[in-house]
Amino acid sequence: MSSIVVQLPDGSERELPAGATAYDLAADIGPGLAKAALIATVDGQERDLNTELTTGASVALITDSSEQGLETLRHSTSHVLAQAVLELWPGATFAIGPPIEHGFYYDFELPKGGTFSDEDLERIDTKMRDIIAADQPFVRGEVSAAEALEMFADHKYKRETIERVTGAEDPELATEVAADGTVSYYRNSDSFVDLCLGPHVPSTGRLGHFKLMSVAGAYWRGRENEPMLQRIYGTAWSSKKQLKQHLHRLEEAAKRDHRKLANELDLVSWPQELGPGLAVWHPKGALVRKIIEDYSRDRHENGGYDFAFSPHIAKANLWETSGHLDFYADGMYPPMELDGATYYPKPMNCPFHVMIYKSSQRSYRELPMRIFELGTVYRYELSGAIHGLLRSRGFTQDDSHIFCTREEMQDELASLLEFVLSVLKAFGFDDFQAKLSTRPPEKSVGDDEIWEAATDGLRAALETAGLDYVVDEGGGAFYGPKIDVDVKDAIGRAWQLSTIQADFNLPERFDLEYVANDGERKRPVMIHRALLGSVERFFGVLLEHYAGAFPVWLAPMQVQILPVAEAHDDYAHDVAAQLKTAGFRAEVIAATDPLGKRVRNGKSAKLPYVLVVGDDDVANNTVGVNARGLDVERDVTVDAFLARLANDVETHA
RNA sequence: GCCCGGGUAGCUCAGUCGGUAGAGCAAUUCACUCGUAAUGAAUAGGUCAGGAGUUCAAUUCUCCUCUCGGGCUCCA
């Protein structure tokens, strides 16, 4: 009896009888692992558990406690979804069904253009649970492309996938077929077989902690000109507890929805009379926005920026010179004809700032010139893309264009990133992820040297800042490399806010120059940058980040003062006056409602502080303090409370 | 723009198998004056998103439009 020896991840070796599978290895290590293992990696390649091992292989067993294991579980669940749908809808066909973050989806086409309803999801769920209860094995097979075409004769999307196998590797098909043309399939019953690269869990019985979430339309291959398929989304986890936690997180995220909070807290509304994506800012929302904008202006003023203002529309000629009409016409609002000229609403502020630069001859002594504007731009977003404040057709960028020499560029980029992070931190974000996008392989403008210098400058800035970043090779715009900065919010969601982009294009297009110290005329480099991105969007992100409970410096109302009874009104107003004099936002809520109710209202409005004043306080010049999220504190002197408020504002607590 | 699902009082929602609607909160008035998360009563409030069609009768059925949501696509 011959035997084989395999290597485990910890470096140890294990001897097994010849012909042993990955499952046998798991069982040999222990019954717990045999039960938990879903797939294995053999020499780094993911394989089914029933894969036969060969001597010398290094093998790792993958359980559902790893991302890889979870992905497999989700992928297998998507197969069960497809099986259920094909059984319930004779004549239906299926396209692709990969695992995604938190779950999976599968795309279908129903006979006669049919669609799924919410009730259908329940039926499908029931059928899926039947399939899981039947504990059907996932059995892998391999065939030639010709045989595969035969096997999936009734399924045009599968055939199309097989036919594309021989072409270049296609990331969207990575879970379907191998790039080398091997066509594999998985069969888990007589009636269901799916084209698939695998691997899969050993049998359907290993699944079950899933929930079908929603139905959506999705273009075949994600292309607008291809048919719209019916996509079913689901979430899947390795335990009931994890599934429950995930659903709970979704509920928490829903509670933070800025559109809901904006309504509840009376900040912003979207009257239907105005049109899609158009909001009005109520006094409280406008106050928060003003604080954000004022803070941004202060920081820029201290950061060496010059302020500018520019109009909302400009003649077509400007947009022709800038290239926007060539590259971005679809995203622009339609033109208007005025006095025989054609005007466009601005989708960006850059050409205006360029005009300011060009308004006189520039010397190297004036550079870097940093032009800053809270500039409102208009972009024609597709109606289906509009989403509250996060995606709208008009928004205000905290936009700046920096004109500098080539030599100054690197230092400028480095200090910019520092500035960006410092401002974002001031708003309570401290978890960042950056992306460096480099020169695209096709068309781009600018010489190699300048691309290299800018990219190095950006990279060095990232390194110096100690920021986590990924490199998107070739992901830059044609006119220059860039850094995008994402922040993570209080519940771990990433939002892209800031961007820093070098631009070698606009200086050419507008023929920008400066006079260098040797008297030569030279071309400056331009840097575009936005920190908050869009003020409206940033406000929405902040609202979700804080779940509506703004820190004291941002809170539209900072303090409510509740007199216990009418007799304490004068004292309450006196305290309010002291707070207002000290520059805080405070109001008195008279005792027309019971105290308990007024406290409740104040808490529901997420006020940082609710003060209660009664006989004791009038006598001792104190207040009772309800700080948001903390226990009641009695007998706090007014002076002590003022100091506390001042500290909160100062520290952005 | 495309697919699916919604739109009923200021808000959150119920309801009408076709006979023009109801609750809670909010609002207003009155009473209550209260030490920490909902005091009580009364009143008012709706062309059931808009338009057209079918019908004796449409908030309800059909179609169109607007708009919102979830996706897809897009975001130089």
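Since this is a predicted model, take the numbers as computed values, not measurements. Chain letters run A, B, ... following the sequence lines, proteins first, then strands; residues in each count from 1.
- Across all strands, A:Tyr233 comes closer than 4.0 Å only to sugar-phosphate atoms, never to a base (heavy-atom distances).
- The side chain of A:Val612 sits closest to B:rG35 out of B:rG1, B:rG35, B:rA37.
- If you check B:rA26, B:rC4, B:rC2 against the side chain of A:Tyr219, the one that comes closest is B:rC2.
- Residue A:His387 is in sugar-phosphate contact alone, with no base atom involved, counting any heavy-atom pair closer than 4.0 Å across all strands shown.
- Between A:Glu251 and A:Lys255 there is no salt bridge, since no side-chain N of the basic residue sits under 4.0 Å from a carboxylate O of the acidic one.
- Among the heavy atoms of the strands, none lies under 4.0 Å from A:Asp330.
- For A:Met228, the listed nucleotide lying nearest its side chain is B:rG71; candidates were B:rA37, B:rC11, B:rG71.
- Residue A:Lys597 contributes atom NZ, which lies 11 Å from atom C1' of B:rG40 at whole-angstrom precision.
- Considering every non-hydrogen atom in both A:Leu265 and A:Ala605, the closest pair reads CD2-O, 3.9 Å.
- Residue A:Gln230 is classed as a sugar-phosphate contact, given heavy-atom separations below 4.0 Å to backbone atoms only.
- Base contact: A:Asp593 has a heavy atom under 4.0 Å from a base atom.
- Within the 4.0 angstrom heavy-atom criterion, base atoms lie near A:Asp617.
- A salt bridge links A:Lys346 with A:Glu373: the closest approach of a Lys/Arg side-chain nitrogen to an acidic carboxylate oxygen falls below 4.0 angstrom.
- Residue contacts for A:Gly277: at a heavy-atom cut-off of 4.0 Å it reaches the sugar-phosphate backbone alone, with no base atom in range.
- The side chain of A:Pro594 approaches B:rC34 more closely than any other nucleotide in the set B:rG1, B:rC4, B:rC34.
- What separates CG of A:Asn601 from P of B:rU39 is a distance of 9 Å, to the nearest Å.
- When rounded to the nearest whole Å, the span between CG of A:Leu382 and C1' of B:rG71 equals 14 Å.
- With ring centers used as reference points, A:Trp89 lies under 6.0 Å from A:Phe116.
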Please determine whether side chain to side chain donor-acceptor pair (under 3.5 Å) holds for the pair A:Arg509 and A:Thr321, giving the CA-CA distance in whole Å, both sets of side-chain angles, and the decisive distance to 0.1 Å.
CA-CA 6 Å; A:Arg509 283 181 165 267; A:Thr321 307; over 6 Å; no
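- Among B:rG1, B:rU33, B:rG35, the nucleotide with an atom closest to any side-chain atom of A:Asp616 is B:rG35.
- Of the candidate nucleotides B:rU39, B:rG1, B:rU33, B:rU33 has the atom nearest to the side chain of A:Ala591.
- Heavy atoms of A:Ser383 sit under 4.0 angstrom from at least one base atom.
- If you check B:rU36, B:rG35, B:rG70 against the side chain of A:Val564, the one that comes closest is B:rG35.
- Interface remark: the A:Arg391 side chain does form a donor-acceptor pair with the B:rC74 base, using a distance-only criterion of under 3.5 Å.
- Nearest to the side chain of A:Gln272, among B:rG35, B:rG7, B:rU33, sits B:rG7.
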